[in-house]
Amino acid sequence: MPKITGFDIHDVRFPTSLTGDGTDAMNTDCDYSSAYITLLTDSDLVGHGMTFTIGRGNDIVCTAIREVANRLVGKESEDLFADMGKTWDFMMSDPQLRWIGPEKGVIHIATGAVNNAVWDMYARSRKKPLWKLVVDFSPEELVRSAAWRYISDAITKEEALAMLKKNESSKAEREAKVRELGYPAYVTSAGWLGYSDEKVARLTKEAVAMGFNHFKMKVGADQANDVRRGKIIRSIIDDPQYLPPGIAPRDPNSDDLKGKNAGPTGSVLMIDANQVWDVPQAIEYVKGLEEIKPWFIEEPTAPDDILGHAAVRKGLKPFGIGVATGEHAHNRMVFKQLLQADAIDVCQIDSCRLAGVSEVISVLLMAAKFGVPVCPHAGGVGLCEYVIHLSLIDYIAVSGTMERNVLEFVDHLHEHFLTPCSINSRGRYNVPLNPNEGYSIEMYKSSIAEYEWPNGSYWLGAKAKKA
């Protein structure tokens with residue numbers, strides 16, 4: 001039985017600020033970064049995990065990861081795997097570390113990196129991709145793997161078990177379907193705020209040609225500029241001449257597009273403000289974007305302002321514009337309240353903001369009970385690799401639906417991972433099938449050597465050039 005003997009931690013930063021990738025109204029200078037850990041054992045078995053930052057925050061997060069990971073040294077891996085919910089509780093229970101959260105902020109995302117590494121190790125030990133490991137669980141095992149403290153007023157273990165058992169008999173059918181078709185995706189890569197109009201138009205045309213029909217753009221810096229950019233995107237995605245050869249326009253009134261403000265080709269536009277507004281400002285600003293027909297506004301205000309999101313949703317409902325959030329929702333309790341307050345139309349989990357797979361499962365269960373579609377955030381290094389697993393778990397084992405769901409895709413930095421995610425000709429994620437990839441987050445050693453801060457070859461070269 002392999003025992004955890006230690007870990008390696010790497011601060012890996014990519015210079016995306018040079019090209020404007022990741023820019024939005026709030027985050028204008030982003031170097032996509034990975035606070036990366038590998039758990040080591042006294043055998044060949046390892047577990048890789050990471051959390052995402054946009055640069056200098058990595059210094060703090062890597063220190064916190066070290067403190068969390070120390071609690072696992074000396075533990076037998078099979079003892080951890082036997083009850084992943086109990087393992088999650090153990091990882092959260094150091095009172096001196098919990099004090100600086102509790103269950104939020106740096107210590108929480110650091111715990112997420114380590115919990116993700118344990119899940120990666122578990123999947124590797126069973127020779128299955130992470131999603132397959134989890135969907136093969138019995139309903140009882142899946143319930144036991146979740147994080148349950150503080151959410152029993154929204155969903156009980158008994159309710160979750162009944163919901164999972166109801167979907168159990170049709171899991172194989174859904175798995176076969178998604179393996180064949182892929183999981184629906186939307187693209188953000190064309191809509192960064194720092195891109196020129198020409199680049200936005202070119203990337204939008206490329207995305208349409210790849211089969212995408214859901215598109216997201218960043219807004220919030222200048223309303224007139226947002227309307228202009230939105231019209232550019234709409235002029236392309238609503239024009240059938242740009243559709244791939246042999247692909248007909250989709251019906252905007254079909255069940256999977258109804259209520260999404262889809263245009264004549266069945267294409268959908270979403271907008272994202274990245275928390276830049278106060279509540280009244282958000283309502284007035286987004287009303288001014290009505291002519292570009294967005295499905296939803298993402299992160300219209302502070303991410304933990306539950307009543308603020310509810311007010312924005314109520315204010316925009318007469319205009320047919322929904323509200324989405326979750327990228328910065330720092331724990332399951334925030335999601336619980338968003339759902340209870342009827343504050344969101346779309347639930348956007350983040351694989352690194354929440355404290356690992358166990359807490360994600362809790363949110364998937366709550367969203368399914370409340371009937372809110374889960375459309376994960378994936379704008380950052382490694383996030384696309386992670387979240388396809390979570391969406392597959394949701395579809396196959398939890399909610400049983402993917403018809404109105406879309407998973408974010410950004411075409412940045414996938415080349416640094418051994419088993420990168422991929423998109424098929426339908427504009428959908430392919431299902432990860434390599435039995436040795438675990439949670440798909442193993443990074444090439446050469447990429448770590450090049451981009452590790454501050455002594456990776458790229459950063460040393462940049463420093464020398466500057467000197």
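Sequential numbering from 1 along the given sequence is applied to the chain's residues.
Within the model, atoms CZ of Phe212 and CZ of Arg426 stand 13.5 Å from one another, a figure rounded to the nearest 0.5 Å. From Ile155, atom CD1 reaches atom CG of Asp153 across 11.0 Å, with rounding to the nearest 0.5 Å. Going from atom CD1 of Ile388 over to atom CG of Asn430 covers 8.5 Å, rounded to the nearest 0.5 Å. Atom CG in Leu257 sits 7.5 Å away from atom CZ in Arg404 (nearest 0.5 Å). The distance from the SG atom of Cys352 to the CD1 atom of Ile441 is 7.0 Å, given to the nearest 0.5 Å. The distance from the CE atom of Met443 to the OG1 atom of Thr38 is 9.5 Å, given to the nearest 0.5 Å.
Listed by chain and number, the residues in a ring-ring contact (aromatic ring centres under 6.0 Å, His included) with Tyr386 are Tyr439 (sequence neighbours excluded). Residues satisfying the salt bridge (Lys or Arg N to Asp or Glu O under 4.0 Å) test with Lys260, not counting sequence neighbours, are none.
Taking the ring centre of Tyr451 as origin, the terminal cationic atom of Arg13 falls outside the region bounded by 6.0 Å and 45° from the ring axis. In this structure, Lys75 is positioned above the aromatic face of Phe90, its NZ or CZ under 6.0 Å from the six-membered ring centre and within 45° of the axis.
The pair Glu158-Lys369 fails the salt-bridge criterion, with no side-chain N (NZ, NE, NH1 or NH2) lying under 4.0 Å from an Asp/Glu carboxylate O. One finds no salt bridge joining Lys104 and Asp304 here, because no Lys/Arg side-chain nitrogen approaches an Asp/Glu carboxylate oxygen to under 4.0 Å. Here Glu173 does not pair with Arg179 in a salt bridge; the nearest charged N to carboxylate O distance is not below 4.0 Å. Residues Arg353 and Glu327 are not paired through a salt bridge, judged by the lack of any N-O separation under 4.0 Å between the basic side chain and the carboxylate. Salt bridge status for Asp255 with Lys258: present, with a side-chain N to carboxylate O gap under 4.0 Å.
Using cut-offs of 30° and 60° for the angle between ring planes, the Tyr122 and Phe137 rings count as tilted.
In this structure, a donor-acceptor pair under 3.5 Å is absent between the side chains of Thr401 and Ser399. There is no side-chain donor-acceptor pair under 3.5 Å between Ser33 and Asp31. Donor-acceptor pairing under 3.5 Å is lacking for the side chains of His330 and Glu103.
Taking the centre of each ring, Phe52 and Tyr32 come in below the 6.0 Å mark.
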Which atom pairs, donor and acceptor, lie under 3.5 Å between side-chain atoms of residues 144-152 and protein residues at least two apart or in another chain?
from	atom 1	to	atom 2	distance (Å)
Ser145	OG	Glu141	O	2.8
Trp148	NE1	Val143	O	2.8
Tyr150	OH	Arg98	NH2	3.0

The test is ring-ring contact (aromatic ring centres under 6.0 Å, His included); show your working for His414 and Phe409 and say whether it passes.
CA-CA 11 Å; His414 304 296; Phe409 175 75; 5.3 Å; yes
Criterion side chain to side chain contact (heavy atoms under 4.5 Å, CB included) on Trp295 and His214, from CA distance to verdict:
CA-CA 10 Å; Trp295 171 23; His214 285 65; 4.1 Å; yes
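Within a 6.0 Å radius of NZ in Lys157, no more than 12 heavy atoms belonging to other residues, nucleotides or ligands are found. The number of heavy atoms from other shown groups lying within 6.0 Å of NZ (Lys3) does not exceed 12.
The only member of His412, Lys218, Glu408 that meets side-chain hydrogen bond (donor to acceptor under 3.5 Å, both in side chains) when paired with Thr188 is Glu408. Test Thr5, Val118, Asp120 against Leu39 for side-chain contact (heavy atoms from CB on, under 4.5 Å) and you get one pass: Val118.
Formation of a donor-acceptor pair under 3.5 Å by the Glu437 side chain with backbone atoms of Asn434 is found in this model.
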